[in-house]
Every structure is written in C-alpha cells, then in structure tokens.
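In the text below, chain A, chain B and the rest are named by the order of the sequence lines, each starting its count at 1. In this text, all values refer to a predicted model and were calculated from it rather than measured experimentally.
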Protein chains: 2
Amino acid sequence: MLSRKTEFARLGTKLRDVGGLTLSCAHCHLRSRCLPSGLSLDELGEMREVAPRQRRVARGEALYQAGDSCHSIYAVRLGFFKSYVVTQDGRSQITGFQMAGDILGLDGADTGTHTQSVVALEVSDVCVFSYAKLETAAGNLQALQHKVRCVMSREIAREHAMMVLLGTARAEERVAAFLLNLSERYGELGYSEGEFNLRMTREEMGSYLGLKLETVSRMFSHFQECGLITAQHRYVHILDRPKLARLAGRNVLPDIHETRMSQ
Amino acid sequence: MLSRKTEFARLGTKLRDVGGLTLSCAHCHLRSRCLPSGLSLDELGEMREVAPRQRRVARGEALYQAGDSCHSIYAVRLGFFKSYVVTQDGRSQITGFQMAGDILGLDGADTGTHTQSVVALEVSDVCVFSYAKLETAAGNLQALQHKVRCVMSREIAREHAMMVLLGTARAEERVAAFLLNLSERYGELGYSEGEFNLRMTREEMGSYLGLKLETVSRMFSHFQECGLITAQHRYVHILDRPKLARLAGRNVLPDIHETRMSQ
DNA sequence: CGGAATCTTGAAAATGGTCAAGATCAGTGG
DNA sequence: CCACTGATCTTGACCATTTTCAAGATTCCG
C-alpha cells in the first residue's frame, strides 16, 4: 500500500511542465528508447527539422481513431494507452497497451488511414512526429529512416509473439505472460517490477488476451491461491516470478514487449 | 478434377525461364503488386540500381531461418511459402502463407536477425532485394522507401486482423475466413476463385488458425454437409460463397490479405 | 508396390464461456 | 465527510466448444 502511494507520487512529479511546445530530442530523458535512439549528437541536432510537437491526451480521449487520416507517428512520453481494432461485424479487440517510450501510429501508412484506434487510459503526453517532415528529412537523416523501419519490424515481431500466445497458450499461460510482460516494461522505465497498478480493467486484459473477463479474474484468484501474486483489484504484487515464468512457458519473449526504439 | 489439371498446367507454363540473373522490374508481369508498384517509368528504370536477383527455392527448402542475418527483402514471383516462428519452449506457429506478389523478409530489421523462418511448400521463385542497395537508393528513390514502409504497415494491419480472428472467432469462423481469404488471393492472381488446391496440410492450417488438425478436418466435413464446399483432400471447391462469408462473420477484411504492395 | 504421411471420424475429457448473483470500489453530490 | 450510484470485480453452477486419444482409411512418393 505504501509503495502504491510512492508510485503515484513519482508519476505526479512527472506530470508537470507540459505545453504545446516544440521539444528538443537532444534533451529528452526518453531519447534512448525513442525514435532518435542511436543517432549521433549532430543528427540529434538535426532532429529540430523534424520538430516533434507535444500533445496532451485526457483520460478516455482518443489519440486517433480508425478511419482518421494518418499523418503522424507518436511517441508516448508519459501515461498509458490502449490500441484496438473493430471488425465489420462490430467485434473489437485490443491490440496493445502502450506506455512511455512506445511508438504509435504505424498502422495505416499504406492506405493513408488508420486501421486501429488509440485511447488514453490515463492523462498522457505524446510527441508528434509528422510523416511529411520525417520523409523530407530522409536525405539528411538516413539513420532516422532506418529507425522507422526498425520500429515497424519490431512491432511485426511483437505481433508474431502475440499470435503464438493467442493460438497456442491456455488462459493460465496468457495471463502469466501478460503480467510478466507488464512487470518487465515497468521495470525498464524505472518503476518497480515487483508491484504495480494495472491501468486497465479485467475486460480490457481479456480483450487483449482473447479471454473473457471472468476467466481473467479467475486466473488472478488462481495465482493468488498458488502464492504467485497478491492482487487487490488493480494493484498487483508479484511474489514468485520464477514460478510465474514457468507457467508462462517462457512465452515472455523479448518480442512481446511493445514496439520500442531502444537499441 | 478437370480444372485441377488445368490449374497445374497453368502453373507448369510459368515454371520455365529461371536463372540466377538480374531481373528488370520494368518488364516484370508482377510489378503492379510488387515493391516498385506506383513508381514512374523513370523510377522503374532506376530500379536497376537495386538490381533484384532471382532465386529458386526447392519444395521444403528454407528461404531463410530464424536467427539468419537479415540483409534482404524477398518478393515471391511464383510458388507458395509458409512462415513460422518457434518459441523458446519449442512450440511453433505458422504466421502466414505467401504466394506470388507477397513480400517476405520484413521481420528482424531491428535486430539484424530474422525472427521467423520461411519454407517453400512447392518449388518457388523469389526476387531478392538487398537492404543495403535499397537504403543507398533511398536518395534517388524516395518513393521506394515509402513503399517499404507501406508493406510493413500493411503487414501490421494484417496481423491485427489475425489477432482478432485468433482472439474472438470460433473454429467454424476461422476456417471459413481462411478459405475465403485464400480464394480471393488466388482470384487476384488470375486463378480460379471457386476451386483450387490447398498447398498446406490440415495441420499447417491448424497451426496458422490456432486449431488442432482434427478440428480443421471436422470443419471441412461440416462445410461439406452444409453444402458450402466440396473437398477432396487438398482440392477445394467453393459452392456457396455468400453463406461461407456469413459464417466467417465478415472477418474477411481486406486486411487479412497477405502483405502486398498493390496500390 | 509398400511404407510413411496425411486425413477422417468417434468418444471421452478438459478448457473456457455463459449466466447470474452479490461484493467491492470510485466518483458524485449533498 | 458520507451516502449513493454505476462500474468493476469475484465466484458458482452449468453448458458449449475444442482438444485429446485412438483407430482406421486414403493418399503420396520413392
């Protein structure tokens, strides 16, 4: 419970200092896991040409929606998003959860129209990179073009891992893999790997994992009975990571991480 | 039965005329659905710089394997491939089937190492585009760079559709959607939409669809009982497309098509 | 022609979904 | 600060779907 507060406090301190301003990639604390990762100092300077703008998204607000014209790539600076697709017959499924350092907006570059929707699950900030500027900067910033391909390729690999999870794993494995993946991603951002607050409902987890919310809830109870975790609604504490990893069948490939630019 | 022969004959005529030669994109009959689609005549000429080479792959042979270093993109000219990933704990799942006009090799551009394996299910020919040449050609061929991003973005959309299928559809829907998708793709290539030979086993279909081979087999029998198709092992005849589409719940989005460059 | 691979089908078992009821939590307005 | 309302979560009982196991038929390929 204490650590729950500290986590919130930490988020709180980062919530300040926002505006619709142009940002400098050279001074961003997330640059190592964002689009400009791996660029030289000179190249970082040239990123001014690409001039990412900042945008704040309220909880529940859409960053973009399926059908919107597609003219930007977004880098999450702060907050938490879900992305989802809706089929013709009205079914929908969550395709990913994105947090600081993750890249959004890669879908629909071919049709010029987004194929998925992205909604903030809490107040969030993103950097906006216009496709047009990215393309004209190509000549000077070969490395940047290359990086964009890398993010996309990484996203493809992540989705392959997701397809395996959906195609072959049972409920227990899916939920275990999901919790471990979230945990690792929080860890990479400097938060606690061992305890964290879920930003999504059981239903949203289920939608992502191809399960009903009741099944997700049962798995949480099951893991608690086994002494693998404690869970009080959204607050999760991982007690036995190795056993959880064994349950996940090592589905917790690096690939399953969200699209990200790091190295 | 007759049409089965004609289909083979058709394939037969295309099997001639192969070599390790450099090819001209400007004269390729597949250019409208390949990497250079949408390029001007001038730009098509410049494709000589990129100098795709041709490679023949025997039935059962790997085009590349997970772990191989990643230095080329491949365009299928002729034949049929399966791509699959293998998890750490040894499970594997097919991630796609590729035929003429489809693009391969997009995985692993970030790590420099392929994350999936690709194997030919029949004698196949591919064009090989070296990444290095594609990158240096960037300056002159902006449009080509853009096209590469389009293929990747299209692949991401396809995988989203696949995730929905795996996450929410029942066996009947999955198999129906699969048959319709194959049918449409054959149709686009000028083959019959109504009857065709499957290139893969029941088990391979199952692996792709997250089902066991027995379930796939049962669905085939089921569809025959309903008068939707006739199936004699690999040979399939679609009798009632509308009803099949209704079963598929219109999961047969354009997205579910394989990665492809057309328009 | 013969052996291996592939496919079909049945019956039993396991897994997850559906439906329903009640508990808990978060946010609102008094 | 508290009660209230709607959203979210838990749990149980039952049901539908898919898997598993097994046996036999068919096809492919050398």
Side-chain angles (χ1 to χ4, degrees), chain A residues 1 4-5 8 58-60 82 91 93-94 119 121-123 165-179 197-226 229-236 247 249, chain B residues 1 4-5 8 58-60 82 91 93-94 119 121-123 165-179 197-226 229-236 247 249:
Chain A
M1 274 302 122
R4 184 178 190 171
K5 282 181 197 159
F8 279 143
R59 175 197 167 103
K82 68 173 176 184
R91 270 180 300 192
Q93 176 155 338
I94 290 180
V119 167
L121 294 184
E122 60 184 37
V123 175
L165 199 72
L166 292 171
T168 74
R170 288 187 292 106
E172 190 181 53
E173 297 177 60
R174 297 189 198 190
V175 177
F178 178 74
L179 286 177
N197 277 290
L198 300 169
R199 262 64 169 194
M200 72 294 287
T201 66
R202 303 284 189 265
E203 186 170 21
E204 286 166 331
M205 274 182 268
S207 170
Y208 182 55
L209 296 172
L211 300 170
K212 293 296 166 182
L213 68 95
E214 293 96 329
T215 306
V216 174
S217 180
R218 275 184 248 273
M219 289 304 129
F220 271 67
S221 304
H222 172 57
F223 290 156
Q224 288 195 83
E225 284 165 18
C226 300
I229 66 171
T230 61
Q232 300 164 38
H233 290 257
R234 305 279 180 96
Y235 178 69
V236 173
L247 278 190
Chain B
M1 274 301 121
R4 183 178 193 170
K5 281 182 199 160
F8 277 143
R59 175 196 167 103
K82 68 173 175 184
R91 268 179 302 192
Q93 175 156 339
I94 290 179
V119 168
L121 294 183
E122 60 183 39
V123 176
L165 200 70
L166 291 171
T168 73
R170 287 188 291 107
E172 190 182 54
E173 296 176 62
R174 298 189 198 190
V175 177
F178 178 74
L179 286 177
N197 276 292
L198 300 170
R199 263 65 170 190
M200 73 295 286
T201 67
R202 302 284 189 267
E203 186 170 21
E204 285 167 330
M205 274 183 268
S207 170
Y208 181 56
L209 297 172
L211 300 170
K212 294 296 165 184
L213 69 96
E214 294 96 329
T215 308
V216 175
S217 181
R218 273 183 248 273
M219 289 305 128
F220 271 68
S221 304
H222 172 57
F223 289 157
Q224 288 194 84
E225 284 165 19
C226 300
I229 65 170
T230 60
Q232 301 164 39
H233 291 258
R234 305 281 180 95
Y235 178 71
V236 173
L247 279 190

Quiz prompt | Sugar-phosphate, base or nothing in reach of B:Leu211, heavy atoms under 4.0 Å | solution = sugar-phosphate
Practice problem: Would you indicate what A:Gly210 reaches in the nucleic acid, counting non-hydrogen atoms under 4.0 angstrom: base, sugar-phosphate, or nothing? | Solution: sugar-phosphate
Quiz prompt | Residue A:Ala171, side-chain atoms from C-beta onward, closest of D:dC9, C:dG16, D:dT27 | solution = C:dG16
Quiz item: Given C:dC7, C:dT18, D:dC9, which nucleotide is nearest the side-chain atoms of A:Glu214?
Solution: C:dT18
From [atom1] of [X] over to [atom2] of [N], roughly how many Å is that when rounded to an integer?
X	N	atom1	atom2	value
A:Met205	D:dT10	CE	C1'	13 Å
B:Met219	C:dT9	CE	P	12 Å
B:Gln224	C:dC7	CD	P	13 Å
B:Leu213	D:dT18	CG	C1'	13 Å
A:Phe220	D:dC9	CZ	C1'	11 Å
A:His233	D:dT11	NE2	C1'	13 Å
B:Glu204	C:dC7	CD	C1'	13 Å
B:Arg174	D:dT17	CZ	C1'	11 Å

Distance check: side-chain N/O of [X] vs OP1/OP2 of [N], anything under 4.0 Å?
X	N	value
A:Arg234	D:dC9	yes
B:Thr215	D:dT19	yes
B:Ser221	C:dT9	yes
A:Arg59	C:dA26	no
A:Thr201	D:dA7	no

Any [X] side-chain heavy atom under 4.5 Å of [Y] side chain:
X	Y	result
A:His233	A:Leu198	no
A:Leu179	A:Met219	no
B:Arg174	B:Leu166	yes
A:Tyr208	A:Met200	no
A:Arg234	A:Thr201	yes

Exercise. Indicate, yes or no, whether a donor-acceptor pair under 3.5 Å links the base of D:dG12 to the side chain of A:Arg218.
Key: yes
Practice problem: Classify the side chain of B:Arg170 versus the base of C:dG17 as yes if they form a donor-acceptor pair under 3.5 Å and no if they do not. | Solution: no
